[in-house]
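Everything numeric here is computed off the predicted structure, so don't read it as measured data. So you know, we letter chains A, B, ... as the sequences are listed, proteins then strands, and number each from 1.
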Amino acid sequence: MLLSSLIFIPLLGMVVVMFMPKNSNKAVKWTATLISSIPMLVSFWIVWDYFFSHSGSAAMAYVEGPFDWIPILNIHYYLGVDGISVPMLFLTGLLSTISLIASFGINKRVKEYFAFFLLLESGMMGVFVSLDFFLFYVFWEVMLVPMYFLIGIWGGPRKEYAAIKFFLYTLFGSLFMLVSILILYFTSEPHTLNMLTLIEISPNLSHTLQMVCFVFFFVAFAIKVPVWPFHTWLPDAHVEAPTAVSVILAGVLLKMGTYAMMRISWPMFPWALRELSFWIAILGAIGIIYGALLSIAQKDLKKLVAYSSVSHMGYCMLALAAFSSVTAITGVMFQMVSHGLITGALFLLVGVLYDRAHTREIAAFGGLGVKVPVYTGLMVLFGMAALGLPGMSGFVSEFMIFIGAFSVLNKVLVGISVLGVVLGATYILRMVQNVFLGNFDKERWGDLTDINVREIITVAPLALLTLFIGIYPKPLETLMSATLQNLVDLLAR
Amino acid sequence: MEFAFPEYNLRLMAPEIFLFLWALLIVGYDVTTKRKNGAVLGYMTLAGLMITGLILGLTGYGRGFGNMFVSDTAAKFFKIIFLGSAFMAVGSSFDIMREKIVNHRGEFCGLILLSTVGMMFLSSSNELLSLYIGLELTTIPLFVLAAFYKDDKLSVEAGIKYFIIGAFSSALLLYGISFLYGLSGTTDLVQMKINIAITHLTFQNIGVILILAIIVILAGIGFKLALPPFHQWVPDVYQGSPTPIAAFLSVGSKAAGLIAFAKIFVNGLYAFHHPDMAPNDWGRLVALMAVAAMILGNTVAIRQKNIKRMLGYSAIAQVGYIMIGMVAMNTIGMASMGFYIFAYMFANMGAFAAVAIFEDKTGSCEISSYAGLSKTSPLLAATLSVFLLSLAGIPPMAGFMAKFYVFAAGIKAAQNDPALHFMYWVVGIGLLTAVFSLYYYANVIKQMYFAKEPSPHKVTFNIPSLTVLLIGLAGLLVFGIYPEPVLHFASGIANSFGLIP
Amino acid sequence: MTKYSFLICLIPALSFVMIVFFLRWKEKLSAGWSIASILISWVMSIIVLIETISRNGQPYEASYRFINLPGINIEIGILVDALTAIMLVVVTTVGACVEIYSVGYMRGDSLFSRFFAYLSLFLFSMLGLVLANNFFMIFIFWELVGLTSYLLIGFWFEKKSAANACKKAFITTRIGDLGFLVGLFLIAFYCGTFNYGDVFAKLSAGVMPLGVLTATAIFVFSGAVGKSAQFPLHVWLPDAMEGPTPVSALIHAATMVAAGVYLVARAMPMFIGTGNGAMVVAIIGLITSLLAATIALTQNDIKRVLAYSTVSQLGYMIMALGLYGYDTYHGSPSVGYFAGTFHLMNHAFFKGLLFLAAGSVIHGIGTNDIREMGGLYPKMKTTAITFMIASLSISGIFPFSGFWSKDEIVASTLHHPVFLILTLTIAFMTAFYMWRLCFMTFTGKPRDLDRFNHAHESPRVMTWPLAFLAFLAVVSGWVGMPWLHHGFSSFVYAGAHAPEHHAPSYALMIISLCVALSGIGLAYLMYYKKSISPEAIGQRFRLLYKLSFNKFYFDEIYQVAIINPIMSIARFMWSFDVVIIDGAVNGTAWLTILLSDIKQWFDVWIIDGAVNGSGWVVRQIGDGLRFIQTGVAQSYALTISALVVLFGLIKFELVYLTWSWPIMTIIFVMGVTALILVSRVVVTRQELNSDISKEDKV
Amino acid sequence: MFYYLALAAILFSIGLFGVLTRRNTIGILMSLELMFNAANINFVTFNKYIAAEALLGEMFAIFIIVVAAAEAAVGLAIVLLIYRNWNGIDTDNYNVMKW
Amino acid sequence: MTDGSQVGIVFWFLSFVILVSGFMVVSLKNIFHCALFLVLCLFSVAGIFILLEAEFLAAVQILIYVGAISILLIFAVMLTTNMATKKVSQSNENVAVGLFVSITFAMSAILLIDKTSVWRYRDQAQNISEGAIVALGKSLMTQFILPFEVVSVLLLAAMIGAIVLARRERS
């Protein structure tokens with residue numbers, strides 16, 4: 001019931017919100033936030049309990065099912081979590097609630113907004129807990145719809161374009177996944193969509209089929225990650241989306257790609273993975289450098305953060321290519337969590353500025369450090385976290401990724417990827433310099449106000465977690481070590 | 001003189017008979033009340049359809065009239081679809097019955113019912129003659145219904161186009177059937193399957209005339225299915241004819257075409273599906289047409305400005321997906337075809353109902369006039385969005401389950417038989433074009449939701465059309481989330497066509 | 001006490017947290033708290049040093065696992081040995097002085113509390129760096145000192161130059177760190193641990209091939225290159241002078257920049273293992289030293305001269321360490337290690353003093369430019385005297401501390417004649433430019449009377465630290481006098497590869513003393529007596545002068561060779577992304593819909609060209625297919641029948657007819673073409689007709 | 001038998017040609033009748049040559065004739081509508097809806 | 001039919017009439033003439049039916065087709081066409097393609113029929129018994145009762161439809 005509650009409480013919340021009276025904006029906001037805090041607390045409890053009771057073994061915990069759902073197709077309602085999904089649940093629960101708090105400023109079509117948001121949360125939770133392919137796919141797709149509306153209705157000037165682009169792009173990817181799922185379904189005997197079973201049997205497939213399925217899965221997930229060159233939906237979607245949605249996009253949705261790789265395509269097709277790992281690593285390296293370079297060239301604050309995501313997820317891909325190293329795979333998980341925290345916070349902060357200044361043009365600002373010191377401090381803090389400063393989670397993950405990748409991948413390639421660290425510093429510092437340092441334009445920004453308490457409440461947990469993981473990463477590592485060890489063993493098949 | 005009467009088993013025909021009588025009753029009632037009966041007629045029609053549905057539920061399986069009339073799973077399944085689509089079409093025509101066709105309400109409802117009767121006969125027919133008659137009984141009232149706005153040039157144009165192409169393909173169909181008859185000496189489908197197989201084995205080769213027969217019959221039934229290259233009437237007719245009729249055409253008539261196709265090809269020409277039977281095979285040809293349908297429907301729909309035309313092209317595309325299930329020619333394929341048309345019924349009838357409601361209040365079918373609708377009529381906008389998303393195949397709507405099932409069938413066929421590897425490509429193109437399709441469906445949603453200005457139109461509902469919307473919504477969601485009962489039912493369809501699971 | 005030495009670094013951290021969250025609004029309390037904590041650390045450091053001495057430099061180590069990863073040992077821990085203990089004292093001493101000094105220097109600044117917070121954070125990081133027992137941890141603090149350096153250089157961030165400088169500093173050092181990071185990966189890969197002791201043990205066991213070891217050493221050294229502003233990454237340090245002067249004193253003179261030297265010293269076993277690597281280190285050090293000294297000759301900004309001097313001195317130390325590594329690799333350890341670390345300590349004191357004194361001057365007169373100073377001695381005596389003490393020290397005049405350590409550095413180059421000569425040259429230049437500075441600032445006539453009249457001595461809170469540091473600048477060198485058998489030398493070696501203890505070489509002492517004195521003499525002649533005209537010399541060696549004055553054009557070269565290309569690549573990539581990758585996507589998905597405008601259509605058609613072509617094709621297919629939809633029922637019938645025929649023909653041919661496939665294809669194509677042509681004709685006809693009929697109606 | 005079938009094929013093609021090319025809607029209807037007749041000839045021929053005893057072909061032909069009559073009636077009613085709306089029954093009239 | 005018997009001669013004659021009049025139907029400029037040729041064509045088809053021993057069908061053909069449908073068509077022609085106006089052409093732009101397509105269709109159909117081996121072996125006319133008409137009637141009432149009833153429904157529907165469409169509105 002624990003995992004189902006994660007899915008169905010937000011869904012219930014959506015219904016509740018939808019049937020609330022029309023002009024009760026404030027009540028809607030509070031209701032939605034309170035309802036979404038339930039799955040958040042549940043996810044905290046799961047983290048806590050998993051850490052103490054289940055983290056020793058790689059087996060699925062809190063398993064629900066398999067209950068018959070569509071017996072004629074052997075489709076089941078089957079939920080469970082392990083060390084890969086627990087951190088993601090945590091991230092989802094936390095960021096959803098934070099995003100809802102950050103959305104209190106929404107004054108346009110409030111009911112719909114919060115309803116869609118809760119639906120989105122439900123879908124995200126579903127993706128991370130389902131163990132049946134069909135269920136997984138359904139949740140994977142279900143998310144797209146609220147996301148489409150959230151970007152399209154509440155987004156920026158080019159929202160329609162961004163929304164449809166996001167929708168089409170990701171749908172395009174997921175259809176590839178559908179084909180692979182079907183192939184797997186029909187090659188298994190008896191036909192099954194149970195992921196765990198398929199992980200066991202699918203390495204027995206013919207090499208051609210393995211390769212086809214792997215590539216298809218890869219395309220599907222790579223679009224979500226996004227891996228270069230499938231990334232172009234990302235800047236548009238991130239930039240046009242309202243702040244809270246950008247947070248969810250960066251914090252959770254991108255992780256689904258890597259999560260799905262670790263959950264599905266990697267363990268299912270170790271042979272194909274071995275064949276292709278070099279190319280995946282190259283894509284990862286390109287993503288790192290390319291995203292960072294693009295971030296350097298950006299003039300829009302949000303776009304800069306968006307492209308930095310491409311770079312950061314490139315690290316994940318690089319490490320995922322280094323599949324035989326537990327260190328690298330652990331690094332991926334760390335990077336997923338920390339990128340969710342850091343980039344989420346950066347988007348929140350950019351949104352804070354945008355709310356006040358109504359522009360995100362980097363060149364429009366300068367010297368804001370004088371006027372809004374607390375905001376500047378937070379921004380610099382997360383900026384430093386983003387560029388991988390030790391003491392914060394980003395460093396731990398990048399370090400593990402590089403160590404792991406270095407030990408198994410082509411060393412020159414990894415060496416080149418490390419350049420991303422410098423480029424990362426460049427774009428962050430350029431941004432900090434141009435926005436917060438230098439001359440302050442009193443005429444224009446004289447009445448800018450500093451970040452308020454509500455906004456601080458939204459970023460503070462992220463800051464604390466970033467620092468906590470950066471300083472004391474051991475708990476998180478312990479949480480998932482058994483699972484990841486098992487994963488690496490599976491990949492060695 | 002002696003009459004060797006066959007065993008009639010009229011019991012099995014009870015739904016058809018009842019519906020026919022009810023249609024007469026409605027026409028007669030309309031005439032006797034001097035056409036001043038208001039909405040009563042519509043409710044009567046709905047009631048009649050519901051009663052027919054009940055009767056259908058009570059009748060069992062079996063055969064009647066010798067071998068002419070069969071009541072099996074496929075027939076029952078499709079009859080539900082016919083009744084459902086007729087129900088929703090009538091439900092969404094209350095507005096036009098009140099305003100536009102005041103003088104012919106009875107005929108309007110009656111003809112819809114008669115067409116439904118024709119479809120039901122068609123789905124129960126077991127040999128070519130009654131199949132053909134059923135098809136004609138389906139089509140002829142539809143000719144009339146398409147041209148029902150007699151003073152509206154678009155409607156009349158739709159009527160004549162539908163008529164010309166309909167009659168033309170009817171002639172093609174007949175010509176093809178005549179060759180089938182010539183090859184087998186019988187019109188009974190099962191007998192025909194056997195005879196043709198025997199002839200084929202006896203003479204080593206059945207004879208190339210089968211090529212012509214297959215192609216010509218394909219053209220004849222392809223017209224009903226709107227399967228390219230026999231699709232071109234679709235957008236014009238949908239645009240011109242009364243919206244509920246367009247809806248009925250897109251679902252009921254298409255389902256009729258499907259079952260006719262299944263009866264002739266899947267059952268009668270079972271052996272000639274496989275590419276090994278080249279050049280007499282029809283599988284690849286239909287696959288090609290399905291591909292053409294998906295590409296053509298989904299690309300051209302993007303550029304449409306009229307929502308009914310757009311839905312017309314979408315209907316062309318949808319039939320492409322359905323045909324994947326058909327070409328797969330396995331149990332899953334047949335079941336998926338059934339489920340697809342079932343889900344499609346809710347989505348398409350719902351979408352057309354929404355369009356009809358909107359058209360009635362604003363007089364416009366331009367997609368651009370939907371701008372900002374979500375602010376003034378949130379319910380209409382929300383339901384229409386759900387319908388369109390279901391058509392695009394987004395979970396958790398039933399449309400997704402349908403697409404999933406159809407693609408599953410395609411992949412299964414391709415995997416089981418190397419000769420059917422082309423099904424991979426068909427499925428691939430289906431997936432790709434499904435992405436395109438989202439674009440134009442989402443375009444409507446975009447207009448409704450993303451526009452800054454609220455729409456100047458405020459839409460009100462009457463109860464039946466609201467019911468139709470809600471039925472569509474409920475159907476999509478319920479069967480999207482829990483499709484098991486329908487799937488279970490649909491999985492029997494293959495049996496009816498002689499496919500052994 | 002050694003057991004609790006981790007507190008030495010945690011106390012400033014606590015102070016940082018306290019100031020940021022609780023004391024920010026109370027300036028005096030902030031400063032007081034901060035100074036108190038560094039004083040506690042200082043006392044503890046001294047105790048630790050004493051304890052270490054009493055342990056004969058035997059290391060103390062304690063650590064815990066940072067994270068459990070198979071195959072790699074990542075830990076957080078402390079290591080207290082001689083080097084650490086010395087560095088702790090140096091850092092805390094200079095830190096304490098600077099903090100006290102800052103109370104005066106930063107008075108009235110609106111961000112007074114924040115300054116102390118940053119200083120505390122820096123001290124935390126620096127002490128952590130020194131205490132680290134493994135490469136992973138040193139890297140962490142390595143980056144943190146970079147961060148605080150960034151924050152402090154950019155402390156007056158409203159100044160554009162400061163804003164630029166801090167970014168430059170961070171990024172430039174990060175480039176070095178990049179190499180360091182790769183070095184760490186290599187270490188992790190080959191050794192599976194980061195712990196100094198374990199790594200060195202494994203290295204000496206030969207887990208790394210020599211080539212890899214050399215590469216690793218150079219990679220690690222590149223971190224030091226960045227941090228210690230060695231050639232070619234030295235460009236950031238002079239710019240970093242944009243920060244407040246106490247910061248320059250603490251971070252960019254005494255401690256952080258010395259971290260590079262510390263790292264080389266710490267990783268010395270690694271360099272010992274690879275002669276070539278060590279040689280690279282030495283050569284880089286030499287080049288840097290020479291280059292910086294040359295540039296320092298002509299600079300007019302007092303802090304920049306000091307900055308280049310710092311670079312030069314750091315180069316000195318690194319050269320000495322490198323030569324030690326090289327010599328040890330070849331079996332004859334020199335005194336380089338001792339010389340480097342010894343000079344590191346002395347340099348911290350006298351260079352810190354120089355900066356603080358310069359800060360005092362700047363504080364008093366309000367400018368950095370020595371051409372606007374002059375004759376300040378009477379006005380600010382304490383400052384002047386301490387400055388000169390430090391100058392004597394850096395010039396290497398007996399018995400000031402610099403003399404002893406510089407002497408050892410010269411001694412370490414004895415086996416390498418080129419190094420020896422250049423080292424002496426640098427010593428000469430050092431003496432010259434330091435005294436040029438002294439003479440121009442404190443003697444002669446005031447050049448800017450306005451400023452001169454306003455000049456005043458700094459408050460006591462600033463001069464006392466000067467005095468204390470001056471004391472240290474005199475005496476700190478005595479602990480390493482060559483006559484002491486158990487002095488600094490034997491302490492730092494602590495048993496490892498110690499060179500033969502040899503008698504002090506008086507000749508060398510005298511030579512280096514003479515070199516220093518001649519440098520001072522030349523400066524005296526040129527800038528005090530003015531008997532030699534600097535302009536004339538500048539004219540004579542114009543090219544050299546220009547190169548030196550313009551810092552060898554390093555900034556410009558980097559701008560042209562690195563920054564501009566990266567920026568243009570970045571912009572190009574962006575346009576690539578927008579136009580090509582995204583263009584392809586858009587094209588394929590028809591997201592560029594506004595094609596009705598012909599001009600735009602052409603733009604898209606021509607610019608996006610082939611890539612968008614795919615999208616265009618799809619769109620055209622759509623349009624073409626749409627076009628068949630003529631609206632005439634008969635055309636539909638035509639399509640049907642034509643395709644029926646064509647299907648028939650194709651299938652037909654398959655079995656019977658002797659027509660070959662090409663003919664069939666031709667027929668097919670012809671048929672389709674005819675079909676399309678005809679439908680087009682029909683379309684136009686219909687179009688015309690409908691137009692006409694419309695006109696009729698009108 | 002071949003000749004009957006060939007006759008039917010040619011007649012069918014003539015009807016086809018008419019449907020494709022006639023400008024007058026009633027002309028199209030007539031051509032359609034030709035096509036139906038061609039099919040009828042086929043049925044009757046097969047009835048005679050393939051399976052005479054069952055008389056299926058003739059039966060089919062009778063039904064076709066009836067259906068054709070019904071179709072003609074409906075078709076002509078629509079033609080009347082066209083005439084009323086456009087004052088002419090040329091196919092050129094009704095092509096408002098396209099693309 | 002190649003034997004030159006009487007049946008053969010009649011067949012050739014009827015075929016000739018059918019094809020010529022059929023061609024007239026689709027090519028003449030005057031639609032009224034077309035209708036007349038249609039009548040001739042349908043008559044000849046009835047003759048073919050008689051040749052094939054389907055006398056009853058021939059009768060039906062004459063009664064319904066010639067008697068009803070053709071007359072209906074002619075009425076419609078007269079109702080809707082202004083005889084006085086001379087049309088430039090009764091054919092549209094598709095003539096060339098139409099010709100191409102229909103000739104190809106005819107040729108390939110004939111070729112395919114010719115190549116169909118099954119019919120080669122069975123190219124033998126079977127006797128149709130004397131009581132064929134009776135049998136036809138019987139099976140219409142027994143075996144084919146269902147289509148028979150349905151077709152009446154169909155006629156009813158067509159009738160309703162035609163009335164609805166053709167009726168002039170009172171307004």
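- For the atom pair OG of A/S481 and CD1 of C/I67, the computed distance is 9.5 Å after rounding to the nearest 0.5 Å.
- A heavy-atom distance below 4.5 Å is found between the side chains of C/F194 and A/I403.
- C/F21 CZ: 12 or fewer foreign heavy atoms inside a 6.0 Å radius.
- Between the CZ atom of C/F185 and the CZ atom of A/F399 there is a distance of 6.0 Å, given to the nearest 0.5 Å.
- Contacts between A/Y427 and chain C at a heavy-atom distance below 4.5 Å are absent for every atom of the residue.
- Note on A/V418, A/I428, A/V326, A/I296: by heavy-atom pairs under 4.5 Å with chain C, the leading option is A/V418.
- Within the 4.5 angstrom heavy-atom criterion, only side-chain atoms of C/Y150, from C-beta onward, approach chain A.
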(request) Could you give me the CA-CA distance, side-chain angles and deciding distance for A/Q433 and C/N164, then say whether side-chain hydrogen bond (donor to acceptor under 3.5 Å, both in side chains) is met? (result) CA-CA 7 Å; A/Q433 179 192 0; C/N164 274 328; 2.4 Å; yes
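- A/I289 does not touch chain C: none of its heavy atoms, backbone or side chain, sits under 4.5 Å away.
- Ring geometry for C/F189 versus A/F406: interplanar angle over 60°, hence perpendicular rather than tilted (30 to 60°).
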(request) I would like to know whether A/L387 and C/F170 meet side-chain contact (heavy atoms from CB on, under 4.5 Å); could you show each step before the answer? (result) CA-CA 11 Å; A/L387 63 78; C/F170 197 100; 4.0 Å; yes
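- If you measure heavy-atom distances from C/L186 to chain A, the contacts under 4.5 Å come from both the backbone and the side chain.
- Looking at A/F440, there are no atoms closer than 4.5 Å to chain C (heavy atoms on both sides), in backbone or side chain.
- Contact annotation for C/R114: only side-chain heavy atoms (C-beta onward) come within less than 4.5 Å of a heavy atom of chain A.
- Stacking of A/K474 on the aromatic ring of C/Y64 is not recorded, the 6.0 Å distance cut-off and the 45° axial limit not both being met.
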